[in-house]
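Everything below concerns the one structure shown next.
This structure is a prediction, so every number in the text was calculated from the model and none was measured. Per chain, numbering begins at 1; letters A, B, ... match sequence-line order.
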Number of protein chains: 2
Amino acid sequence: MRRRPERQTRLEDVAKAAGVSRSTASRVISGSGPASPTARERVHSAARLLGYRPDQAARSLVNGSGFRVTLAVVGTTAQVLDDPYVHRAVAAAALTATSYDVGVSLQWVPRDAPRLDRLLADRTVRGVVVLNTTEAALRSVPPTVRGRVASVGIGSRTVPSFDVDNGGGAAAVLRHLYATGRRRIAMVTGPAWLPCAQRPVKAYRDLMRAAGLPVRLVSGDFTAAGGRRAAGTILARWPEVDAVFGINDAAALGVLAALRAAGRQVPEDVAVAGFDDVEAAGLSDPGLTTATNPVEQIISSAVGAVLGETWVPPTTVFPSALVRRASA
Amino acid sequence: MRRRPERQTRLEDVAKAAGVSRSTASRVISGSGPASPTARERVHSAARLLGYRPDQAARSLVNGSGFRVTLAVVGTTAQVLDDPYVHRAVAAAALTATSYDVGVSLQWVPRDAPRLDRLLADRTVRGVVVLNTTEAALRSVPPTVRGRVASVGIGSRTVPSFDVDNGGGAAAVLRHLYATGRRRIAMVTGPAWLPCAQRPVKAYRDLMRAAGLPVRLVSGDFTAAGGRRAAGTILARWPEVDAVFGINDAAALGVLAALRAAGRQVPEDVAVAGFDDVEAAGLSDPGLTTATNPVEQIISSAVGAVLGETWVPPTTVFPSALVRRASA
DNA sequence: CCCATACCTGGGAGCGCTACCACCACAAGC
DNA sequence: GCTTGTGGTGGTAGCGCTCCCAGGTATGGG
């Protein structure tokens with residue numbers, strides 16, 4: 001009488017059915033050692049017959065490393081819920097991981113407690129990709145496990161990092177606004193603590209200074225709701241604006257909606273442009289002028305890097321290209 | 001000389017530092033047994049001092065159950081990448097899981113190989129929430145583990161299921177179109193194999209029949225791109241159409257963009273309505289009339305159910321309410 | 001013919017943790 | 001006084017898997 005009649009088939013069952021030892025079965029299943037063709041074949045067919053699935057927990061325990069990568073998204077609740085860019089990143093991570101045959105975990109990390117070391121304590125995760133973090137948080141990662149971490153959205157010297165050239169992309173958008181005659185250009189920023197939100201602001205400041213134009217900055221939070229509020233502030237403070245650059249498409253789409261609600265014509269009265277080229281940017285009316293952000297490529301590079309599957313230079317910056325639509 | 005000088009602190013280290021046995025330390029840390037106040041205090045402070053983190057792999061191994069829930073998204077690549085509804089579901093799962101102090105895994109499951117049993121073989125996962133699946137796939141789940149599975153988007157009798165009343169919501173939208181004088185109403189459907197995509201279609205057929213109106217169905221795939229294509233088909237086949245109901249907002253927004261591109265005025269010439277009430281529906285011009293889909297509630301109920309934290313009736317249907325905006 | 005060099009195999013230990021059980025002290029009851 | 005508890009404790013046995021190593025059987029050379 002067995003104590004637990006309904007248990008998962010384990011390696012020992014397979015070995016017994018195949019008439020070999022656990023060791024041999026293990027070698028065949030994990031493909032990590034010699035085994036005769038006959039043994040190989042018998043183990044495989046026994047495993048198939050019994051519907052054997054290796055227990056990942058046990059494997060992780062003995063290997064000291066797991067079969068999952070964690071995508072850690074740092075930010076506020078609203079931003080995680082509402083930014084389409086985050087969505088693309090998450091979806092890209094899921095698809096990339098599936099193609100590498102590993103799992104993905106998603107972890108929301110509140111902005112004020114970026115405990116990255118905690119994520120790595122779990123030996124069932126092989127690597128962590130951090131979205132939107134700070135250099136300080138990355139430095140909290142123990143040096144021994146830095147090879148298992150990659151960051152997206154910050155050019156870090158601490159861990160391999162992958163990012164779009166959002167300074168360059170922002171500059172391209174702003175030059176376009178200037179080239180089409182806009183001179184009273186406002187910008188909606190993102191969370192100030194985020195490096196990837198600082199570079200476009202710097203690009204904006206630099207270009208305004210170079211052109212001898214006044215700076216009109218309003219803070220946002222990467223969300224459409226934030227963009228709406230920012231547009232209200234802009235119209236109140238600088239009713240003369242003839243262009244608004246949103247730090248991301250979500251913000252820009254919020255601005256677009258708010259301007260429309262306020263009776264401004266886009267692009268006739270005010271031009272609007274964003275960044276990221278999310279799908280919604282192509283669906284709005286007018287279509288949103290923006291700059292590309294190859295998230296899928298970025299995420300898949302980062303996942304490949306933490307898995308150690310692909311060699312990567314310590315810092316990779318992907319180019320961003322202007323996408324002209326009707327809004328600017 | 002230790003063989004691995006840099007290893008994670010384990011329970012034994014904590015026990016030694018606290019001057020108690022592993023057993024006592026384990027009881028204190030996991031809070032699953034008696035321990036004297038002094039022992040409790042000494043173990044806790046030792047753990048804090050040494051930065052102890054329980055190894056989840058080992059815990060899963062011995063407990064036979066893990067600390068994560070998996071959100072399995074069934075669908076095509078395009079749908080996973082582009083449907084904002086999926087994004088909301090994923091984000092909701094991440095936030096809910098964080099609040100229960102468990103992890104979330106994300107698993108993309110190709111439509112043609114819904115191997116749900118495989119997901120459950122991993123004992124590091126405590127439960128699985130399946131998004132958009134079929135009754136057949138759910139029946140492939142072994143009865144012994146059905147308590148660890150919940151489904152979203154299908155009223156299943158096999159496992160606990162959580163869904164919005166999309167039949168009722170669709171009917172509300174369609175009645176609104178009818179009430180505002182529309183009579184030549186077309187509908188863009190979703191993937192036909194999906195139960196949650198069948199109910200709105202049934203609602204549409206029923207209402208059209210009851211009103212003695214002709215049925216105009218075009219198939220889509222839950223994406224904006226699919227909605228665009230469908231709108232093209234509709235205009236070619238039934239140029240007289242005066243309303244289009246998209247099975248979800250993504251499709252409806254695609255329709256909206258395509259109609260605009262074709263020179264039709266919305267809502268003057270053609271009314272457009274969707275379903276889900278995603279954020280983008282409030283940002284489009286005109287705002288998209290739609291019906292609510294409380295994904296966050298649905299997902300958090302489903303996660304609670306697979307964790308066994310909340311008791312739930314076998315099938316829960318959340319109400320859907322009409323949201324009137326300018327498009328219809 | 002015997003020994004060397006492969007290749008293959010199975011036993012055993014152990015990854016870090018918790019469940020179980022036996023044990024000890026001490027208190028309360030007859 | 002002895003028994004019957006009771007709360008606290010530590011040893012031990014695994015969970016399922018992979019590694020290491022000793023031992024085995026075929027094949028080659030001397």
Side-chain angles (χ1 to χ4, degrees), chain A residues 2-44 46-47 50-67 120-126, chain B residues 2-44 46-47 50-67 120-126:
Chain A
R2 302 262 295 274
R3 292 167 75 192
R4 305 180 77 223
E6 286 271 16
R7 73 198 305 173
Q8 279 278 47
T9 59
R10 53 187 193 280
L11 191 60
E12 184 159 8
D13 302 327
V14 174
K16 208 162 285 177
V20 297
S21 71
R22 279 196 309 280
S23 314
T24 305
S26 169
R27 258 174 265 130
V28 172
I29 296 289
S30 63
S32 67
S36 67
T38 46
R40 200 174 295 279
E41 202 266 329
R42 294 176 68 183
V43 169
H44 275 138
L50 274 62
Y52 172 68
R53 299 255 147 238
D55 185 315
Q56 304 297 351
R59 278 190 162 176
S60 298
L61 184 59
V62 59
N63 287 339
S65 116
F67 301 85
L120 285 158
D122 184 351
R123 75 202 303 162
T124 67
V125 341
R126 178 120 145 246
Chain B
R2 301 265 296 275
R3 292 167 74 191
R4 305 179 79 221
E6 286 272 16
R7 72 196 306 171
Q8 279 278 51
T9 58
R10 50 187 196 279
L11 190 59
E12 184 161 8
D13 303 327
V14 174
K16 209 162 285 178
V20 298
S21 69
R22 278 198 305 279
S23 313
T24 305
S26 168
R27 258 175 264 130
V28 172
I29 296 289
S30 62
S32 66
S36 68
T38 47
R40 200 175 293 279
E41 203 264 329
R42 295 175 66 183
V43 168
H44 274 137
L50 274 62
Y52 173 68
R53 298 257 146 235
D55 186 313
Q56 304 296 352
R59 278 191 162 174
S60 299
L61 184 59
V62 61
N63 288 340
S65 116
F67 300 86
L120 285 158
D122 184 351
R123 76 202 302 163
T124 67
V125 342
R126 178 119 146 246

Partner residues of A:Arg42 under the salt bridge (Lys or Arg N to Asp or Glu O under 4.0 Å) criterion, sequence neighbours left out: none
Candidate nucleotides D:dC15, D:dC19, D:dC17, ranked by approach to the side chain of B:Leu61 - the nearest: D:dC15
Counterpart residues, salt bridge (Lys or Arg N to Asp or Glu O under 4.0 Å), relative to A:Arg126 (two or more places apart): A:Glu309
B:Thr24 side, atom OG1; B:Leu11 side, atom CG - distance, nearest 0.5 Å: 10.0 Å
Between C:dT18 (P) and B:Arg10 (CZ): distance, integer Å: 14 Å
Protein-nucleotide distance (A:Arg123, atom CZ; D:dT18, atom C1'), rounded to Å: 12 Å
Bracket notation of DNA chain D in which parentheses pair within the strand, [ ] cross earlier pairs, and | pairs with another strand (Watson-Crick or G-U, under 3.5 Å): |||.||||||||||||||||||||||..||
Rounded distance (Å) that lies between atom P of D:dG14 and atom CG of A:Asp55: 18 Å
Interatomic distance where CD1 belongs to A:Ile29 and C1' belongs to D:dC19 [whole Å]: 17 Å
Distance below 4.0 Å between B:Ser32 side-chain N/O and C:dA19 OP1 or OP2: yes
Donor-acceptor contact below 3.5 Å, side chain A:Arg27 vs main chain A:Gly33: no
Value in whole Å for how far the C1' atom of C:dG14 lies from CZ of A:Arg59: 18 Å
Atom pairs under 3.5 Å, N or O on each side, protein against nucleotides 7-9 of chain C: can you list them with distances?
unit_1: C:dT9; atom_1: OP1; unit_2: A:Ser36; atom_2: OG; d: 2.8
unit_1: C:dT9; atom_1: OP2; unit_2: A:Ser36; atom_2: N; d: 2.9

Between C:dG14 (C1') and B:Leu11 (CG): distance, integer Å: 16 Å
Any pair counted as side chain to side chain donor-acceptor pair (under 3.5 Å), so long as it reaches residues 55-66 of chain A, sequence neighbours left out: A:Asp55-B:Arg123
Where at least one partner belongs to residues 28-38 of chain A, residue pairs that pass side chain to side chain donor-acceptor pair (under 3.5 Å), sequence neighbours excluded: A:Ser30-A:Ser32, A:Ser36-A:Thr38
5' priority, DNA chain D, between B:Arg22 and B:Val62 [closest heavy atom]: B:Arg22
Sugar-phosphate, base or nothing in reach of B:Ser60, heavy atoms under 4.0 Å: nothing
Nearest-Å distance for atom pair CZ/P, residues B:Phe67 and C:dC17: 12 Å
Straight-line distance of A:Ile29 CD1 to A:Arg40 CZ, nearest 0.5 Å: 10.5 Å
B:Ser26 versus B:Ser23, side-chain donor and acceptor atoms under 3.5 Å: no
Separation of D:dC15 C1' from A:Gln8 CD (nearest whole Å): 13 Å
Under 4.0 angstrom between B:Ser23 side-chain N/O and D:dG10 OP1 or OP2: no
Rounded distance [0.5 Å steps], OG in A:Ser21 versus NZ in A:Lys16: 12.0 Å
